[in-house]
Colleague: 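Before anything else, here's the structure in question.
Below, read A as the first sequence line, B as the second, and so on, with proteins coming before strands; counting in each chain starts at 1. Just so it is clear, the model here is predicted, and its values are computed rather than measured.
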Amino acid sequence: MKRGLELKLQAWVDGELTAAEAEEMRRLADADPDAARLAAELQSIKTAFAGDSQPVTMPETREFYWSKIERQIHREAAVRPTPGLWWAERLRRWLAPLTGAAALAAVLVVALYQFKPQQEAFNQVAGTMDAMQPRTFRDGPSGISFVVFHETAQPSMGDVAPVRIRNDGSSFMIDRE
Amino acid sequence: MPDPQENSSDIELVRLAQQGDMRAFEELVARHRDKVYARALGMMRNEDEALDISQDAWVKGWQRLRQFQGDSSFVTWMTRIVINLCLDQLRKLKRKRAESLEAMDAEPGGVERQMPVTMPNPTEGLEREELRARLNRALAQLSQKHRTVLIMHEFEQMEYREIARQMKCSVGTVMSRLFYARRHMASLLAGLKRENLE
């Protein structure tokens with residue numbers, strides 16, 4: 001007998017066929033003694049299990065068995081979120097990777113910012129120094145130097161008023177003369 | 001004093017347990033623990049493992065109780081959970097150790113296919129206890145996959161499609177495994193019967 005037919009015969013024994021297919025298998029079993037024997041054998045195993053319905057008795061007492069289950073329920077409840085807070089669990093699941101990604105992005109932005117502005121600041125200072133025409137004054141007794149930047153882009157010597165530096169011991173004053 | 005929950009139906013107890021009543025759940029465990037354990041024992045063939053897995057099943061049952069809609073009976077729902085846990089455990093064990101040569105030989109089913117049909121019925125005329133003992137001995141000799149599919153079909157009355165879903169295989173594979181499992185069982189039971197007569 002072909003394998004497909006054997007499986008179909010079994011499906012008939014198990015009641016898994018449509019009415020038309022079941023009728024086909026019934027006719028086969030009527031006509032073919034091998035098919036009839038095979039069907040009978042499969043049915044006998046099915047019947048044997050059906051007769052073995054006596055329940056198995058657990059070797060532990062009700063109290064002992066339950067106490068272990070109860071402990072495990074409490075233990076797992078302590079580490080799991082309550083069923084009502086499923087959204088919190090979902091949020092927590094997403095929050096960790098999102099936080100990591102955000103932190104990484106922040107580090108990258110800062111690194112880029114740190115790199116780029118430094119170049120710009122250098123250029124800017126260079127430009128400013130050229131444009132502002134710094135002038136240095138030195139106070140002899142205190143030994144302190146002042147650098148004064150002129151605000152105009154292209155100052156002429158006539159625009160710069162002479163200044164006088166006063167040192168009263170606690171502060172310095174620059175007076176235009 | 002009798003516990004008032006002893007007289008409640010499963011549905012009433014499930015409803016109470018779904019609201020967080022652990023005493024109601026304990027009563028459900030007491031009622032159905034033997035059947036859940038029997039399923040685990042049938043699949044694992046080891047008392048300690050069956051005990052552990054059946055307890056895990058009850059813990060899972062409690063955690064998923066809100067998902068129980070009453071489409072099947074509570075005990076059927078619990079049995080599905082324990083079967084799933086057993087399948088997970090068996091997959092883990094399989095990864096750890098290769099199956100025995102006998103089990104691997106049994107999978108294609110070539111030997112069973114060639115076996116003559118056993119006549120007369122190899123379990124005919126047996127007392128219930130004797131039948132049970134023989135079935136157990138024969139089941140223990142089947143490969144894990146054949147035993148599992150047989151238990152799911154014969155004890156749980158699961159349809160081919162549902163077994164396939166739980167075992168993560170095709171319906172054709174289920175039919176094939178079931179067929180060879182039954183043929184192997186018939187052969188083993190016939191052998192046991194001959195031993196007994198001799």
Side-chain angles (χ1 to χ4, degrees), chain A residues 1-17 32-77 79-84 86, chain B residues 22 25-26 29-30 33-39 41-42 47 50-52 54-59 61-66 109 113 116-124 126 128-129 131-132 134-136 138 150-151 153-155 159-161 171-172 175-176 178-179 181-183 185-186 189:
Chain A
M1 199 184 301
K2 287 184 178 173
R3 189 183 176 193
L5 209 53
E6 290 173 337
L7 297 183
K8 203 166 178 183
L9 205 58
Q10 174 183 243
W12 173 52
V13 169
D14 288 332
E16 292 253 1
L17 297 182
D32 182 347
D34 287 343
R37 273 195 294 271
L38 181 60
E41 184 190 82
L42 296 172
Q43 183 61 54
S44 74
I45 298 301
K46 203 172 163 63
T47 308
F49 277 107
D52 180 39
S53 55
Q54 189 182 331
V56 173
T57 306
M58 181 173 287
E60 289 185 350
T61 65
R62 169 179 173 159
E63 290 74 21
F64 186 60
Y65 185 68
W66 169 250
S67 71
K68 286 201 281 185
I69 294 167
E70 191 178 26
R71 264 202 312 276
Q72 201 177 331
I73 286 173
H74 288 311
R75 197 166 42 239
E76 294 203 13
V79 293
R80 287 165 64 100
T82 56
W86 61 270
Chain B
M22 277 199 114
F25 191 67
E26 182 189 357
V29 173
R33 65 188 195 130
D34 284 341
K35 184 169 185 196
V36 170
Y37 168 71
R39 251 350 121 248
L41 184 61
E47 280 194 6
L51 265 175
D52 288 346
S54 70
Q55 281 165 344
D56 287 347
W58 287 110
V59 174
W62 169 261
Q63 289 166 349
R64 297 177 188 169
L65 209 50
R66 283 163 195 261
R113 198 156 175 238
V117 174
T118 55
M119 289 295 278
N121 182 346
T123 61
E124 201 173 13
L126 290 177
R128 179 168 284 190
E129 279 307 308
L131 171 65
R132 161 181 292 263
R134 287 192 189 185
L135 283 175
N136 270 334
L150 207 51
I151 287 171
H153 193 273
E154 304 302 352
F155 289 124
E159 292 180 355
Y160 295 166
R161 195 180 302 272
V171 169
M175 291 171 76
S176 179
L178 191 56
F179 180 78
R182 279 172 168 156
R183 297 236 55 209
M185 281 293 286
L189 289 168

Colleague: Give, for atom CG of L41(B) and atom CE of M58(A), the distance between the pair rounded to the nearest 0.5 Å.
Modeller: 9.5 Å
Colleague: Please state whether the side chain, the backbone, both or neither of S67(A) comes within less than 4.5 Å of a heavy atom of chain B.
Modeller: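 Neither part; nothing is under 4.5 Å.
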Colleague: Taking Q10(A) for its side chain and F179(B) for its backbone only, find out whether a donor-acceptor pair lies under 3.5 Å.
Modeller: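 Flag set: sc Q10(A) to bb F179(B) pair under 3.5 Å.
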Colleague: Any side-chain to backbone donor/acceptor pair from E26(B) onto W66(A)? Under 3.5 Å, distance only.
Modeller: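 Checking the backbone N and O of W66(A) against the side chain of E26(B), no donor-acceptor pair under 3.5 Å is found.
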Colleague: NZ of K46(A) to CE of M185(B): how many Å apart, nearest 0.5 Å?
Modeller: 13.5 Å
Colleague: Can you establish whether the number of heavy atoms outside Q43(A) located under 6.0 Å from its atom CD is more than 12?
Modeller: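 Yes, because the 6.0 Å sphere around CD of Q43(A) holds more than 12 heavy atoms from other groups.
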Colleague: Examine whether an atom of E16(A) lies under 4.5 Å from a heavy atom of chain B, and if so say whether it belongs to the side chain, the backbone or both; otherwise answer neither.
Modeller: side chain
Colleague: Looking only at non-hydrogen atoms, find the nearest pair between R182(B) and I45(A) and report the distance.
Modeller: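 Closest approach of R182(B) to I45(A), heavy atoms only: O-CG1, 3.7 Å.
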Colleague: Yes or no on side chain to side chain contact (heavy atoms under 4.5 Å, CB included) for F25(B) and I73(A), after CA distance, side-chain angles and deciding distance?
Modeller: CA-CA 11 Å; F25(B) 191 67; I73(A) 286 173; 4.2 Å; yes
Colleague: For V59(B), is it the side chain, the backbone, both, or neither that has a heavy atom closer than 4.5 Å to a heavy atom of chain A?
Modeller: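 Backbone plus side chain of V59(B), per the 4.5 Å heavy-atom cut-off to chain A.
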Colleague: Name the region of E60(A), side chain, backbone, both or neither, that has any atom closer than 4.5 Å to a heavy atom of chain B.
Modeller: both
Colleague: Apply the test side chain to side chain contact (heavy atoms under 4.5 Å, CB included) to residues H74(A) and M22(B): give CA-CA distance (whole Å), side-chain angles for both, the deciding distance (0.1 Å), then the verdict.
Modeller: CA-CA 11 Å; H74(A) 288 311; M22(B) 277 199 114; 3.8 Å; yes
Colleague: Passes side-chain hydrogen bond (donor to acceptor under 3.5 Å, both in side chains), Q55(B) versus Q72(A)? Steps please.
Modeller: CA-CA 9 Å; Q55(B) 281 165 344; Q72(A) 201 177 331; over 6 Å; no
Colleague: Looking at I151(B), L150(B), D56(B), L51(B), which one has more heavy-atom pairs under 4.5 Å with chain A than the rest?
Modeller: L51(B)
Colleague: What closest approach, in Å, do Y37(B) and T57(A) show between heavy atoms, and which atom pair accounts for it?
Modeller: CE2-O, 4.2 Å
Colleague: What heavy-atom pair brings Y160(B) and A11(A) nearest, and what distance separates the two atoms?
Modeller: OH-CA, 3.2 Å
